Amino acid sequence: MRRVVVSGGGTGIGLAVAERFASSGAQVTILGRREAVLRRAAGRIGAEPVVCDVTDPAAVAAALPHLPDTVDVVVNNAGGNTGFDELQQTNGGTGAAGGTPPTGEGLAELAASWRRNIDANLISAVLLTAALRPRLASAGRVVTLGSIAARTGAASYGAAKAAIEAWTIDLAGELGPRGITANVVSPGLISGTEFFKGHLSGEREERLVAATATGRPGTTGDVAALVTFLASPEAGHITGQVLHVNGGAYLGR
């Protein structure tokens, strides 16, 4: 039985990934910050819930006794654009041009805003992977969720996702001698997630869909299918790659 750990597994893409692994007979552990959401999801798909903020080194260390002693697959899905959780001002973490340049407290908030996205998207993956690295089985798999924003731009969020791509290159080289692969799955617009936190207007959604070649948003199932393929034995010679799931909105060449 394969043992799979999925961060951010309570909703959206993470839940779809965890459910797909669980339905194939894997032993799945899902991590997340919201206990009620996590337990409800775990009960539905037959996974083990572990409440943990993977941006917090102490929390990750405390979670380790509750995680499998041997891990076949790590899926770093936790993250999202923390800017949607903030009351934004011009230049207040969005990196938008124009307006009065921030000084003093404005610069401090700008730095804090960027760090929140870097923590949520990059540091979360780095910490969980480092903590589980000694437990990774030979021929194991590490799959980290990136974003189309790493190539198309989105200030601190896009920068954090771009950093994931650079980190994965090193990780693939370090883990390769053990037969372990490390890859990035990079979605575009995906329906059925909490990503936009209610901030996606109908007009913007139409523009994003119009940018695709397929004429539709992606689904969580589209992403989960690629993640599970990369975790399969058949994908053992694919590593250090960024694989895009965006319907052709960005062409990864």
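The residues of the chain are indexed from 1 along the displayed sequence. Note that the coordinates shown come from a computational prediction; the quantities given were computed from them, not determined experimentally.
No side-chain heavy atom of V227 sits under 4.5 Å from any side-chain heavy atom of R20. With a 4.5 Å cut-off on side-chain heavy atoms, L132 and L64 count as touching. With a 4.5 Å cut-off on side-chain heavy atoms, L136 and R178 count as touching. Side-chain contact check for L145 versus V223: some heavy-atom pair is nearer than 4.5 Å. P187 has its side chain within reach of I190: a pair of non-hydrogen atoms, C-beta onward, lies under 4.5 Å apart. Considering only heavy atoms from C-beta on, V73 stays 4.5 Å or farther from V5 through its side chain. Side chains of S186 and V245 form no contact here, defined as non-hydrogen atoms less than 4.5 Å apart. By the 4.5 Å heavy-atom criterion applied to side chains, L31 and L128 are counted as neighbours.
Both V4 and I30 are members of a single hydrophobic cluster when ILVMFWY side chains are connected at heavy-atom separations under 4.5 Å. At a threshold of 4.5 Å between side-chain heavy atoms, the hydrophobic network of Ile, Leu, Val, Met, Phe, Trp and Tyr places V142 and V126 in one connected group. V184 and I118 fall within the same hydrophobic cluster, where Ile, Leu, Val, Met, Phe, Trp and Tyr residues are linked whenever their side-chain heavy atoms come under 4.5 Å apart, directly or through other members. Neither V17 nor I148 shares a network with the other; the hydrophobic side chains, linked directly or stepwise wherever heavy atoms of I, L, V, M, F, W or Y lie under 4.5 Å apart, form separate groups for each. In terms of hydrophobic clustering, with Ile, Leu, Val, Met, Phe, Trp and Tyr side chains grouped at heavy-atom distances under 4.5 Å, L226 and F21 are assigned to a common cluster.
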Does the side chain to side chain contact (heavy atoms under 4.5 Å, CB included) test come out yes or no for V143 and V74, once each step is laid out? CA-CA 6 Å; V143 183; V74 178; over 6 Å; no
Worked verdict on D222 versus T219 for side chain to side chain contact (heavy atoms under 4.5 Å, CB included): CA-CA 5 Å; D222 291 329; T219 68; 3.2 Å; yes
Test salt bridge (charged side-chain N to carboxylate O under 4.0 Å, His left out) on E165 and R151; report intermediate values, then the result. CA-CA 10 Å; E165 296 184 9; R151 307 298 180 91; 3.1 Å; yes
Just do the side chain to side chain contact (heavy atoms under 4.5 Å, CB included) check on N121 and Y157 with the steps written out, would you? CA-CA 8 Å; N121 294 284; Y157 173 68; 3.7 Å; yes
One pair to check against side chain to side chain contact (heavy atoms under 4.5 Å, CB included): W167 and T144. What are the steps and the verdict? CA-CA 10 Å; W167 166 69; T144 303; 3.7 Å; yes
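Here the OG1 atom belonging to T168 is positioned 7.0 Å from the CD1 atom belonging to I164, to the nearest 0.5 angstrom. Distance check, rounded to the nearest 0.5 Å: OG1 of T220 to CD1 of I13 gives 7.0 Å. Summarising the geometry, atom CD1 belonging to I238 is positioned 6.5 Å from atom CG belonging to L243; distances are rounded to the nearest 0.5 Å. Note that CG of D72 is 4.5 Å distant from CZ of R3, once rounded to the nearest 0.5 Å. The distance from atom CG of L110 to atom CG of L107, rounded to the nearest 0.5 Å, is 6.5 Å. Here the straight-line distance linking atom OG1 of T181 with atom CG of L175 works out to 8.5 Å at 0.5 Å rounding.
A 6.0 Å sphere centred on CZ of R44 holds no more than 12 heavy atoms belonging to other residues, nucleotides or ligands.
Using a cutoff of 4.0 Å between basic side-chain nitrogens and carboxylate oxygens, R33 and D56 are not scored as salt-bridged. With respect to E109 and R116, a salt bridge is recorded, a charged nitrogen being found less than 4.0 Å from a carboxylate O.
Closest approach of G9 to A41, counting heavy atoms only: O-CB, 4.3 Å. Among all heavy-atom pairs drawn from G10 and V37, the shortest one is O-CG1, 3.9 Å. Residues S113 and T82 approach most closely at O-OG1, 4.3 Å, considering heavy atoms. Heavy-atom minimum distance, A131 versus V60: CB-CG1, 3.6 Å. Of all heavy-atom pairs between A149 and A154, the closest is CB-CB, 3.8 Å. When all heavy atoms of A182 and T239 are compared, the closest pair comes out as N-OG1, 2.9 Å.
A donor-acceptor pair under 3.5 Å is absent between the side-chain atoms of S147 and the main chain of A150, judged by distance alone. Judged purely by atom type and a 3.5 angstrom limit, R141 uses its side chain to pair as donor or acceptor with the backbone of A139. Of the possible polar contacts, one joining the R2 side chain to the A231 backbone as a donor-acceptor pair under 3.5 Å is found.
Looking only at atom types and distance, the side chain of T55 has no donor-acceptor partner in the side chain of D119 under 3.5 Å away.
Among residue pairs with one or both ends in residues 126-135, those qualifying as side chain to side chain donor-acceptor pair (under 3.5 Å) are N76-T129, R133-E174; sequence neighbours excluded.
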